[in-house]
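As structure tokens, the structure follows; a few thoughts come after it.
When reading the values below, keep in mind they use all heavy atoms of this one structure, side chains included, and skip hydrogens, waters and symmetry mates. All ligand and atom numbering here is 1-based and tracks the order in the structure.
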Amino acid sequence: MLEIKQIQPSDTWEIRHRVMWADKPFEYVQLAEDEKGLHFGVFKNTQLVSVVSLFIENDSAQFRKFATEISEQGKGYGGKLLAHLIEEAIQQNVKKLWCNARLSATELYQKYGFQIVSESWVKDGVEYVKMERNL
Ligand SMILES: CC(C)(COP(=O)(O)OP(=O)(O)OC[C@H]1O[C@@H](n2cnc3c(N)ncnc32)[C@H](O)[C@@H]1OP(=O)(O)O)[C@@H](O)C(=O)NCCC(=O)NCCS
């Protein structure tokens with residue numbers, strides 16, 4: 001059974017760490033802003049397999065730290081979570097949704113209507129571009 005639910009900030013940390021920044025200290029994935037965010041997770045039966053966090057400011061919102069457990073990637077969970085995130089943002093009256101996307105994720109975001117709106121840059125050895133879509 002598959003379910004997408006709102007979760008606590010701390011529920012996201014282990015997957016964030018394992019999938020995105022395993023070589024950094026655990027604290028690296030705990031954001032100061034986490035308490036102000038909305039966090040969503042995909043549950044496969046009772047196992048949390050994919051997470052994403054949404055940070056709303058006025059009528060625009062950034063999503064961050066989107067990650068699917070490595071053994072569960074490529075099974076459609078991330079796509080479903082992204083679709084849910086977009087619906088949630090619309091409900092919250094967000095007009096523009098954006099992210100700093102790892103280059104490896106840009107194709108997925110393009111499928112969900114996001115466009116690249118910046119040059120690329122590198123931080124901590126990862127190459128990013130800014131992507132956004134109007135809602
Ligand atoms: C980006 C990410 C969250 C997508 O989650 P996911 O659960 O794998 O997403 P989906 O299964 O819906 O796959 C989406 C697309 O990603 C691609 N993909 C990503 N990882 C893949 C994998 N390990 N194997 C196969 N395809 C993969 C597929 O091409 C798929 O495209 P499709 O819809 O045409 O099949 C996940 O790959 C991830 O955690 N990556 C590492 C962290 C990261 O880069 N996060 C994004 C930061 S901007």
Side-chain angles (χ1 to χ4, degrees):
M1 196 187 81
L2 207 72
E3 207 180 355
I4 300 182
K5 289 194 291 200
Q6 193 168 343
I7 55 178
Q8 294 300 313
S10 57
D11 296 332
T12 67
W13 295 340
E14 286 187 16
I15 293 183
R16 282 184 186 174
H17 187 245
R18 265 199 299 277
V19 177
M20 305 186 85
W21 296 109
D23 55 343
K24 302 270 189 201
F26 190 59
E27 295 70 37
Y28 189 80
V29 300
Q30 303 178 10
L31 307 179
E33 307 90 303
D34 269 343
E35 285 303 324
K36 290 186 258 163
L38 295 174
H39 307 269
F40 301 97
V42 179
F43 290 83
K44 178 185 174 186
N45 301 315
T46 55
Q47 187 199 356
L48 181 59
V49 293
S50 187
V51 298
V52 71
S53 301
L54 183 69
F55 300 90
I56 301 174
E57 254 180 55
N58 304 316
D59 63 356
S60 107
Q62 178 183 14
F63 69 92
R64 299 180 69 181
K65 302 281 182 279
F66 177 35
T68 298
E69 205 71 87
I70 292 162
S71 60
E72 302 292 341
Q73 289 178 10
K75 298 182 181 177
Y77 301 133
K80 287 196 174 73
L81 186 55
L82 205 49
H84 181 88
L85 183 81
I86 291 166
E87 286 311 309
E88 193 67 39
I90 290 170
Q91 302 237 319
Q92 301 278 339
N93 283 319
V94 170
K95 302 295 179 214
K96 183 171 283 182
L97 188 57
W98 65 278
C99 67
N100 293 329
R102 292 187 179 197
L103 275 198
S104 52
T106 52
E107 261 182 55
L108 172 58
Y109 298 148
Q110 273 162 343
K111 244 189 255 174
Y112 285 84
F114 289 83
Q115 291 182 328
I116 296 172
V117 295
S118 77
E119 299 292 317
S120 67
W121 71 91
V122 177
K123 187 185 164 213
D124 277 332
V126 179
E127 195 169 1
Y128 296 89
V129 286
K130 181 175 177 183
M131 296 185 77
E132 62 181 38
R133 86 159 252 189
N134 293 323
L135 301 180

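Protein heavy atom closest to atom 5 (O) of ligand 1, with residue, atom name and distance, is T68 OG1, 3.0 Å. Protein heavy atom at the shortest distance from atom 44 (O) of ligand 1 is R102 CD, 3.3 Å. Considering only non-hydrogen protein atoms, atom 46 (C) of ligand 1 sits nearest to F66 O, 3.4 Å. Nearest to atom 14 (C) of ligand 1 among the protein's heavy atoms is L108 CD1, 3.5 Å. Atom 38 (C) of ligand 1 has its closest protein heavy atom at Q73 NE2, 3.4 Å. Of all protein heavy atoms, the one closest to atom 12 (O) of ligand 1 is G79 N, 2.8 Å.
Counting heavy atoms closer than 4.0 Å to ligand 1, residue M20 contributes side-chain atoms (C-beta onward) but none from N, CA, C or O. Here V19 has side-chain heavy atoms under 4.0 Å from ligand 1, and that is the only part of it that gets that close. Contacts between Y109 and ligand 1, counted as non-hydrogen atom pairs separated by less than 4.0 Å, involve the side chain only.
Surrounding CD of Q6 are more than 12 heavy atoms belonging to other residues, nucleotides or ligands, all under 6.0 Å away.
Annotation for W21 and V126: closest pair CH2-CG2, 3.8 Å, computed over non-hydrogen atoms. When all heavy atoms are compared, the tightest approach of T12 to I7 is CG2-CD1, 3.7 Å. In terms of heavy-atom proximity, L81 sits nearest to S50 at CD2-OG, 3.5 Å.
E87 is linked by a salt bridge (Lys or Arg N to Asp or Glu O under 4.0 Å) to nothing, counting only residues two or more places apart in sequence or in another chain.
Remark: of the listed residues K36, H39, E33, H39 is the sole one forming a side chain to side chain donor-acceptor pair (under 3.5 Å) with S53. No option in F114, W98, F55 other than F114 meets the ring pair (Phe, Tyr, Trp, His ring centres under 6.0 Å) test with F63.
For ligand 1, the atoms closer than 4.0 angstrom to any heavy atom of G76 are 10 (P), 11 (O), 12 (O).
Within the structure, ligand 1 lacks S50 among the residues with a heavy atom less than 4.0 angstrom away. The closest approach between any non-hydrogen atom of K111 and ligand 1 is below 4.0 Å.
When distances from atom 18 (N) of ligand 1 to the protein are checked, no heavy atom turns up under 4.0 Å. For atom 28 (C) of ligand 1, the nearest protein heavy atom lies 4.0 Å or farther away. Less than 4.0 angstrom separates atom 48 (S) of ligand 1 from at least one non-hydrogen atom of the protein.
Applying the salt bridge (charged side-chain N to carboxylate O under 4.0 Å, His left out) test to pairs two or more places apart or on separate chains, those with a residue in residues 124-135 are K24-D124, K96-E132.
Transitive grouping of hydrophobic side chains (ILVMFWY, heavy atoms separated by less than 4.5 Å) brings M20 and V51 into a common cluster.
Note on ring orientation: taking the six-membered ring where Trp is involved, the planes of Y128 and W121 are parallel (angle under 30°, cut-offs 30° and 60°).
Selection from S71, G74, A67 by nearest heavy atom to atom 21 (C) of ligand 1 gives G74.
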